[in-house]
Amino acid sequence: MSGARLNRTEREQVAAGLAARLDHAEIARRLGRPTSTVTREVSRNGGPAGYDADAAEAAARERARRPRAVTRAAGDEPAPDPRGAARAAFLDEFAENVVATGVPRTTARVLVLIHSSDDGLTAADLIAELGMSRAAVSNAVVYLDGLRLIRREREPETRRERYVVGDDVWAASWYESVEANARWVRTTTRGVEVLGPDTPAGIRLARAARFFSAVHEAMSAGPWPLATGEAAAVLRALTRAGVPVTAEQLRSVLSPEQRAVLRRRA
């Protein structure tokens, strides 16, 4: 059964599962199908937001009526690619982890695909792989670029934009989290002053302020031993100096690009 095409009843179950915000792995488990089968079915029929069981069934019937370009001899069908199935399952798991952090599902799928590519992807690549509209891909890219989770590069030959993941993406994400916690500390502390430290709301906000302050302090140490990019450049500069240095001395050993990044983050 696992190798057969989905039928109309199964497609209706897929649609119901997506409406209930179930992930592909859970839908596949309920159908008794491989996760890759559900992923492929959803991707080729509008994605999670645009999947329609009737339209998917009609498209499947149309594909079945098309003549095959090459007639294979009996027993000459290619064996299923286990790496392809493993890749689809991995991308599903990776995307669900990203969605759990609050990132929209469509955006999470775009991030995961870019992150799992060797040399980045163009908008056309993402549209073809994910079955999304150009507008959906564009919105996801803008969102991810704003969070500095991806960056844009121009292909010299075609001038098309290619989206890649920087080496220091997780260090940058960590930095953004540190800054977010600092803002929460300031906001909740001000809330205590405005609402009064002896009111129930003020006491609640004081507890929140202590929590965010502790998180901010713990995260401020940072994952710098694992950092790359400009963070690693600073560490290398300090190591080479071997003695305490001033900020001006440190800037003198950094490249103009690295100094510009540090000024933006200051």
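The figures that follow rest on heavy atoms only: side chains count, while hydrogens, waters and symmetry mates do not.
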Inset, instruction - Might you point out which heavy atoms bring Tyr51 and Ala56 nearest each other, and give the distance in Å? - result: OH-CB, 3.6 Å

Inset, instruction - Answer whether the closest heavy-atom distance between the side chains of Glu10 and Arg33 falls below 4.5 Å. - result: yes

Inset, instruction - Is it possible for you to say whether Val192 and Val215 belong to one hydrophobic cluster, with membership spreading through side-chain heavy-atom contacts below 4.5 Å? - result: no

Legend entry - In one Ile/Leu/Val/Met/Phe/Trp/Tyr side-chain cluster, 4.5 Å: Val164, Leu144: no

Legend entry - Euclidean distance, Thr122 OG1 relative to Glu161 CD, rounded to 0.5 Å: 10.5 Å

Inset, instruction - May I have the step-by-step check of side-chain hydrogen bond (donor to acceptor under 3.5 Å, both in side chains) for Asp92 and Thr35, ending in yes or no? - result: CA-CA 8 Å; Asp92 274 350; Thr35 302; 5.1 Å; no

Inset, instruction - May I ask you to test the Leu18-His24 pair for a side-chain heavy-atom distance under 4.5 Å? - result: yes

Legend entry - From OG1 (Thr9) to CG (Asn7), nearest 0.5 Å: 5.0 Å

Legend entry - Residues Arg151, Glu153: salt bridge by 4.0 Å N-O rule: yes

Legend entry - Distance-minimising heavy-atom pair for Ala108 and Ala95: CB-O, 3.9 Å

Inset, instruction - State yes or no: do Val99 and Met132 share one hydrophobic cluster built from I, L, V, M, F, W and Y residues joined by side-chain heavy-atom distances below 4.5 Å, directly or via other members? - result: no

Legend entry - Reported CG-to-CZ distance for the pair Leu6 and Arg11, which is rounded to 0.5 angstrom: 5.0 Å

Inset, instruction - Just do the salt bridge (Lys or Arg N to Asp or Glu O under 4.0 Å) check on Glu57 and Arg61 with the steps written out, would you? - result: CA-CA 6 Å; Glu57 177 70 14; Arg61 290 180 181 276; 3.2 Å; yes

Legend entry - Identified salt bridge (Lys or Arg N to Asp or Glu O under 4.0 Å) counterpart of Glu129 within the set Arg87, Arg109, Arg44, Arg40: Arg87

Legend entry - Crowding at CZ, Arg8 (>12 non-hydrogen neighbours, <6.0 Å): yes

Legend entry - Side chains of Leu126 and Ile114 in contact at under 4.5 Å (non-hydrogen atoms): yes

Legend entry - Salt-bridge contact Arg162-Asp119 (side-chain N to carboxylate O under 4.0 Å): no

Legend entry - Result of checking Val14, Thr37, Leu130 against Val42 for side chain to side chain contact (heavy atoms under 4.5 Å, CB included): Val14

Legend entry - Greater than 12 external heavy atoms within 6.0 Å of Arg154's CZ: yes

Inset, instruction - Check whether any side-chain heavy atom of Val178 sits under 4.5 Å from a side-chain heavy atom of Met219, and report yes or no. - result: yes

Legend entry - Residues Arg30, Leu22; criterion side chain to side chain contact (heavy atoms under 4.5 Å, CB included); working and verdict: CA-CA 11 Å; Arg30 296 185 181 192; Leu22 300 180; 3.5 Å; yes

Inset, instruction - Could you check if a side-chain atom of Leu111 sits within less than 4.5 angstrom of a side-chain atom of Val103, using non-hydrogen atoms only? - result: no

Inset, instruction - Would you give the length of the straight line joining atom CZ of Phe94 to atom CG of Leu113, rounded to the nearest 0.5 angstrom? - result: 10.5 Å

Inset, instruction - Please tell me if the side chains of Tyr163 and Ser117 come closer than 4.5 Å, counting only heavy atoms from C-beta onward. - result: no

Legend entry - Sub-4.5 Å side-chain heavy-atom contact between Ile27 and Gln13: no

Inset, instruction - Please say whether more than 12 non-hydrogen atoms of neighbouring residues, nucleotides or ligands are located less than 6.0 Å from CZ in Arg190. - result: no

Inset, instruction - Indicate yes or no for a side-chain donor-acceptor contact from Glu26 to the backbone of Asp23 under 3.5 Å, with no hydrogens or angles considered. - result: no

Atom pairs and distances, side-chain donor-acceptor, residues 196-213, under 3.5 Å, sequence neighbours left out:
| unit_1 | atom_1 | unit_2 | atom_2 | d |
| --- | --- | --- | --- | --- |
| Thr199 | OG1 | Leu195 | O | 3.2 |
| Thr199 | OG1 | Gly196 | O | 2.9 |
| Thr199 | OG1 | Gly202 | N | 2.9 |

Inset, instruction - Check whether any side-chain N or O of His216 sits under 3.5 Å from a backbone N or O of Val185 as a donor-acceptor pair, and report yes or no. - result: no

Inset, instruction - Indicate yes or no for a side-chain donor-acceptor contact from Asp145 to the backbone of Val141 under 3.5 Å, with no hydrogens or angles considered. - result: no

Legend entry - Spacing of Ser116 atom OG and Leu121 atom CG [to the nearest 0.5 Å]: 9.0 Å

Inset, instruction - Flag the pair Arg21 and Glu96 as a salt bridge only when some basic side-chain nitrogen lies within less than 4.0 angstrom of an acidic carboxylate oxygen. - result: no

